[in-house]
Amino acid sequence: QLQASGGGLVQAGGSLRLSCAASGRTFSSYTMGWFRQAPGKERAFVAGISWSGGNTYSADFAKGRFTISRDNSKNAAYLQMKSLKPEDTAVYYCAGSAIPFATLQSQFDYWGQGTQVTVSS
């Protein structure tokens with residue numbers, strides 16, 4: 001199971017750190033990813049990290065502003081977001097995949113419940 005947290009209301013230009021807590025012994029073997037879904041839009045890939053944390057990859061809109069990380073000793077993954085914009089407003093989901101460098105929703109087997117991020121202008 002995955003549990004996302006850390007969302008909230010922030011002004012444009014601000015920062016937030018999302019957390020994803022995982023239960024189960026196999027967390028460290030999974031690629032972890034973050035997706036987001038804005039109102040009226042499709043769920044979109046944000047960033048992913050390999051099982052070891054040695055490789056990260058992200059969508060173009062996230063590059064330079066969002067950083068994904070993980071701590072396998074805590075069964076947790078994180079998404080540090082800075083320079084937030086109103087268009088970053090969305091529900092953010094963490095997800096786990098057995099596929100390296102997964103980016104498609106269909107490649108992720110486990111999903112958290114989502115955490116709302118609202119960026120005011």
Side-chain angles (χ1 to χ4, degrees):
Q1 279 190 328
L2 301 176
Q3 181 87 17
S5 62
L9 174 64
V10 63
Q11 288 189 332
S15 300
L16 275 177
R17 187 194 196 207
L18 306 183
S19 298
C20 178
S23 58
R25 299 179 182 178
T26 59
F27 170 80
S28 61
S29 66
Y30 276 81
T31 296
M32 294 301 297
W34 286 94
F35 287 76
R36 71 183 188 184
Q37 187 165 19
K41 295 190 176 181
E42 301 267 328
R43 191 172 297 187
F45 172 77
V46 176
I49 187 167
S50 63
W51 65 270
S52 68
N55 291 289
T56 63
Y57 50 104
S58 59
D60 286 344
F61 66 80
K63 286 182 169 62
R65 298 191 301 127
F66 296 1
T67 303
I68 188 171
S69 61
R70 69 189 297 163
D71 185 340
N72 288 342
S73 69
K74 297 181 179 178
N75 273 14
Y78 308 97
L79 185 69
Q80 178 69 52
M81 305 184 294
K82 66 178 183 180
S83 302
L84 284 163
K85 307 174 182 179
E87 52 263 43
D88 294 319
T89 294
V91 177
Y92 284 72
Y93 299 88
C94 62
S97 173
I99 301 172
F101 297 102
T103 60
L104 302 178
Q105 291 185 63
S106 60
Q107 294 174 317
F108 286 81
D109 303 304
Y110 303 99
W111 290 85
Q113 85 292 359
T115 184
Q116 176 71 48
V117 171
T118 302
V119 184
S120 64
S121 56

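Nothing fancy with the numbering, it's 1 onward along the sequence.
- Qualifying salt bridge (charged side-chain N to carboxylate O under 4.0 Å, His left out) partners for Arg36, counting only residues two or more places apart in sequence or in other chains: Asp88.
- Contact detail for Leu79 and Ala47: the closest heavy-atom pair is CD1-CB, 4.3 Å.
- Within the model, atoms NZ of Lys74 and OG of Ser28 stand 15.5 Å from one another, a figure rounded to the nearest 0.5 Å.
- Asn72 contributes no side-chain N or O that, together with a main-chain N or O of Phe27, makes up a donor-acceptor pair within less than 3.5 Å.
- A donor-acceptor distance shorter than 3.5 angstrom exists from the side chain of Arg70 to the backbone of Ser50, with no hydrogens or angles considered.
- Taking the side chain to side chain donor-acceptor pair (under 3.5 Å) definition, one finds that Gln116 meets it with Thr118, sequence neighbours left out.
- Formation of a donor-acceptor pair under 3.5 Å by the Thr56 side chain with backbone atoms of Ile49 is not found in this model.
- Residue Lys63 qualifies as enclosed at atom NZ: its count of foreign heavy atoms under 6.0 Å is above 12.
- The side chain to side chain donor-acceptor pair (under 3.5 Å) search around Asp109 returns none, not counting sequence neighbours.
- Under the side chain to side chain contact (heavy atoms under 4.5 Å, CB included) criterion, Ser69 pairs with Tyr78, not counting sequence neighbours.
- Scanning for ring pair (Phe, Tyr, Trp, His ring centres under 6.0 Å) contacts around Tyr30 gives Tyr110, with sequence neighbours left out.
- Phe101 belongs to a hydrophobic cluster with Phe35, Phe45, Tyr57, Val91, Tyr93, Phe108, Trp111, counting contacts under 4.5 Å between side-chain heavy atoms of Ile, Leu, Val, Met, Phe, Trp and Tyr, direct or through other members.
- For the salt bridge (charged side-chain N to carboxylate O under 4.0 Å, His left out) test, no residue two or more places apart in sequence or in another chain qualifies with Lys85.
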Distance-only donor-acceptor pairs under 3.5 Å for side chains of residues 1-18, two or more places apart:
none

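- Listed by first then second residue, pairs satisfying disulfide bond (SG atoms under 2.5 Å apart) with a partner in residues 63-121 read Cys20-Cys94, not counting sequence neighbours.
- For Ser83, the side chain to side chain contact (heavy atoms under 4.5 Å, CB included) test picks out Arg65, with sequence neighbours left out.
- With sequence neighbours excluded, the residues that form a side chain to side chain donor-acceptor pair (under 3.5 Å) with Asp71 are Ser73.
- Under the 4.5 Å side-chain heavy-atom criterion for ILVMFWY residues, no single connected hydrophobic cluster contains both Ile68 and Trp51.
- Between Met81 and Tyr92, some side-chain heavy-atom pair lies under the 4.5 Å cut-off.
- The salt bridge (Lys or Arg N to Asp or Glu O under 4.0 Å) pairs that include a residue from residues 40-53 number zero, where partners must be two or more places apart or lie in different chains.
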